[in-house]
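Below, read A as the first sequence line, B as the second, and so on, with proteins coming before strands; counting in each chain starts at 1.
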Amino acid sequence: MGDLKARIGERLLKRDYGEILSDCGPSRRTVRLLRSLLYSPDDLLRWRTVTMFGWLAANHPKLIAPDVQRLIWSLNDEAGSIGRGAPETIGEMARSNLPLAREGIHIVAHYLEDRETCRPPKRNLEILIGALWAVGRVGGKHPSVVVEVSPTLLSFLADTDPEVRGHALWALGQIRSENRRDAAEARVGDSGKVVLYEKEDLRETTVGSIASVLLASLNEAPRESDDVSLG
Amino acid sequence: MSDSKLRETPLLDELLDGPWPSFVKDMKNIAKRKPMVNDLLGQLEKSYKERVGHWKHGGLVGVLGYGGGVIGRYSDSPKEFPNVAHFHTVRVNQPSGWFYTSDALRELCDIWDRHGSGMTNMHGSTGDCVFLGTVTDELEPIFAELTSKGWDLGGSGSDVRTPSCCNGMARCEYACYDTMDVCYNITQEYQDELHRPAFPYKFKFKFSGCPNDCVSSIARSDLSVIGTWRDEIRIDQSAVKAYADAGFEIRADVIRRCPTGCMSYDGKEISIDNHNCNRCMHCINAMPKALRPGKDKGATILIGGKAPIIEGALLASVLIPFMKLDKEDDYQEFKDLMERIWDFWDEHGVNRERIGECIERVGLGNFLEAVEVDPTPTHVKHPRTNPYIFYEEYFEEVDDAEAAQE
């Protein structure tokens with residue numbers, strides 16, 4: 001199994017998503033190995049695994065149907081586990097196949113609104129950032145599904161952690177929240193460092209750069225009519 | 001001495017009065033130098049007074065690369081007891097058979113004293129050495145120090161829980177296979193399954209060397225491996241005579257207590273109808289010098305045991321009556337079976353459904369077919385209660401008849 005897991009890892013790093021199933025078979029055993037890669041200390045490998053689940057949601061939804069509930073449970077504070085990678089994976093699955101993971105993304109969104117789990121001192125930063133990324137990914141394709149989280153995302157812009165601020169701002173932009181321009185303008189000078197997974201790669205940036213990119217996109221192609229509002 | 005004085009605990013102090021050592025005494029000793037334990041005493045006193053627990057979940061904690069091994073715990077009264085605001089539990093994978101050297105125990109206790117409350121639970125019900133009480137910021141340092149010295153975390157969440165076993169051949173002449181070797185081998189083989197939860201729910205292995213089942217695997221594990229033999233109980237008739245000569249009541253205390261009545265004693269020798277022996281172990285336990293397990297040893301594989309959480313308690317039932325557990329083959333037959341079982345459960349198990357519950361839901365027949373195990377009489381729970389059950393042969397006959405008509 002160790003060899004198989006290593007082979008899957010190599011394929012993920014090469015973005016050979018389809019080849020993984022050709023190589024290892026469309027089986028639950030393969031999915032279990034992918035689930036274990038969500039705990040990888042290698043950040044890129046972990047994120048590519050998230051992308052793989054999105055690919056599976058689009059192409060083999062039946063194969064991963066049980067995983068939505070299991071990932072949700074792993075985020076439960078009574079589960080006895082940490083649920084690393086769960087919010088991102090649910091988000092990527094919902095983006096690719098909303099009916100498959102609609103329930104899951106609502107729970108991830110609700111997670112963000114739970115002050116106790118998302119604010120210091122009890123929060124788990126990795127899970128929080130994953131949840132912000134997840135609503136952003138879903139919001140980029142299905143904004144109305146997560147737009148109600150916009151006020152919560154705005155509140156995270158004042159967070160002490162730059163990763164949280166950056167991902168919250170990025171998510172607001174993806175959702176096309178009506179407040180995104182004001183939010184971006186307020187953060188242009190924020191030099192806090194952020195590592196963002198976008199276009200299947202990790203890149204180092206700053207909160208200010210995310211704000212600038214967002215403002216540039218708004219100025220290039222004003223789409224105020226596309227604004228997604230809570231009303 | 002801590003920076004605050006010891007908390008008043010009049011109710012807990014009553015536990016110090018009995019004839020037996022009390023955990024309160026130990027905690028009070030540690031509390032003199034550990035504020036965390038002092039606050040723990042205070043919170044426990046409050047619970048005794050109010051008759052309500054003051055622990056809660058409320059956060060996801062762990063170490064990098066692992067999905068389990070740490071259980072987040074928080075006080076619901078952090079202002080009153082600030083030193084137990086976080087009080088996480090760390091599960092440490094115990095050695096097979098719970099054999100420690102005193103140096104190993106000191107090493108564990110020193111690590112824990114540096115990073116946590118200093119209190120342990122030796123051992124938790126799954127088998128782990130449990131470290132009780134630390135804060136989130138100490139988790140990675142604990143993990144780094146444990147692993148640098150060859151220790152590892154145990155399982156928690158929807159994964160393989162830390163496998164455990166009896167002392168086996170190390171201390172017990174009844175052991176029918178090397179429990180400690182199998183337990184170690186399986187623990188190493190399934191590291192990914194142990195540390196990175198991907199199952200519908202928890203999965204426990206327990207290994208007992210003989211049907212005495214000293215680790216209660218039949219009741220406490222999803223996959224129970226119990227040593228057995230498939231030839232005849234070995235009888236030393238001269239030792240039987242020695243028992244009789246010493247005044248041991250063989251008829252009253254052994255023969256009449258045989259649950260299947262498969263034993264007889266003619267006043268000189270014991271004879272056993274081995275085909276009817278159900279491995280209760282009573283005779284062997286009662287006359288260990290005269291009776292011993294047979295020579296053709298292996299294990300019975302049972303499946304589905306669990307305590308009551310979602311559904312009621314289940315005892316494991318026989319899946320494979322006899323497996324040789326071949327060390328030379330790296331226990332491959334057992335591992336192949338495990339893969340088939342997990343493939344089935346992973347695909348068909350609903351969230352938080354143990355394998356035993358899953359089998360009850362889908363039916364043993366379907367399960368056996370999926371894991372490629374031929375049905376045997378040992379799988380039969382009771383005679384059928386519904387006469388309208390048709391077997392495959394029936395459908396084949398109907399198909400043949402219809403084909404003939406066409």
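- The closest side-chain heavy-atom distance from A:Ile82 to B:Val70 is not below 4.5 Å.
- Looking at A:Arg70, both its backbone and its side chain come within 4.5 Å of chain B, counting heavy atoms on both sides.
- Side-chain contact between B:Asp343 and A:Arg32: present, with at least one pair of heavy atoms (C-beta onward) separated by less than 4.5 Å.
- Heavy-atom distances place both the backbone and the side chain of A:Ser36 under 4.5 Å from chain B.
- In terms of non-hydrogen atom pairs under 4.5 Å with chain A, the most contact-rich of B:Pro200, B:Gly62, B:Gly349 is B:Pro200.
- Nearest heavy-atom pair across A:Ser81 and B:Gly157 is CB-CA, 4.1 Å.
- With a 4.5 Å cut-off on non-hydrogen atoms, B:Tyr66 touches chain A through its backbone but not through its side chain.
- At a 4.5 Å heavy-atom cutoff, the contact between A:Asn76 and chain B is made by backbone atoms alone.
- Contacts with chain A were tallied for B:Arg352, B:His86, B:Glu347; B:Arg352 has the most, counting heavy-atom pairs under 4.5 Å.
- Contact annotation for B:Leu64: both backbone and side-chain heavy atoms come within less than 4.5 Å of a heavy atom of chain A.
- Contact between B:Leu60 and A:Asn124 at its shortest, heavy atoms only, is O-ND2, 2.8 Å.
- In this structure, A:Glu204 places its CD atom where only 12 or fewer heavy-atom neighbours from other residues, nucleotides or ligands lie under 6.0 Å away.
- Each of B:Gly67, B:Gly68, B:Gly65 has some count of heavy-atom pairs under 4.5 Å with chain A, and the biggest count is that of B:Gly67.
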Apply salt bridge (Lys or Arg N to Asp or Glu O under 4.0 Å) to A:Arg29 and B:Asp346, showing your working.
CA-CA 8 Å; A:Arg29 201 172 297 189; B:Asp346 190 14; over 6 Å; no
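- Going from atom CZ of A:Arg28 over to atom CH2 of B:Trp345 covers 11.5 Å, rounded to the nearest 0.5 Å.
- Looking at A:Leu63, neither its backbone nor its side chain comes within 4.5 Å of chain B, counting heavy atoms on both sides.
- One distance of note links OG of A:Ser74 with CZ of B:Arg196; it measures 14.5 Å at 0.5 Å rounding.
- Heavy atoms of other residues, nucleotides or ligands lying less than 6.0 angstrom from NZ of A:Lys193 number 12 at most.
- Nearest approach of B:Asp192 to A:Lys5, heavy atoms of both residues: OD1-NZ, 2.6 Å.
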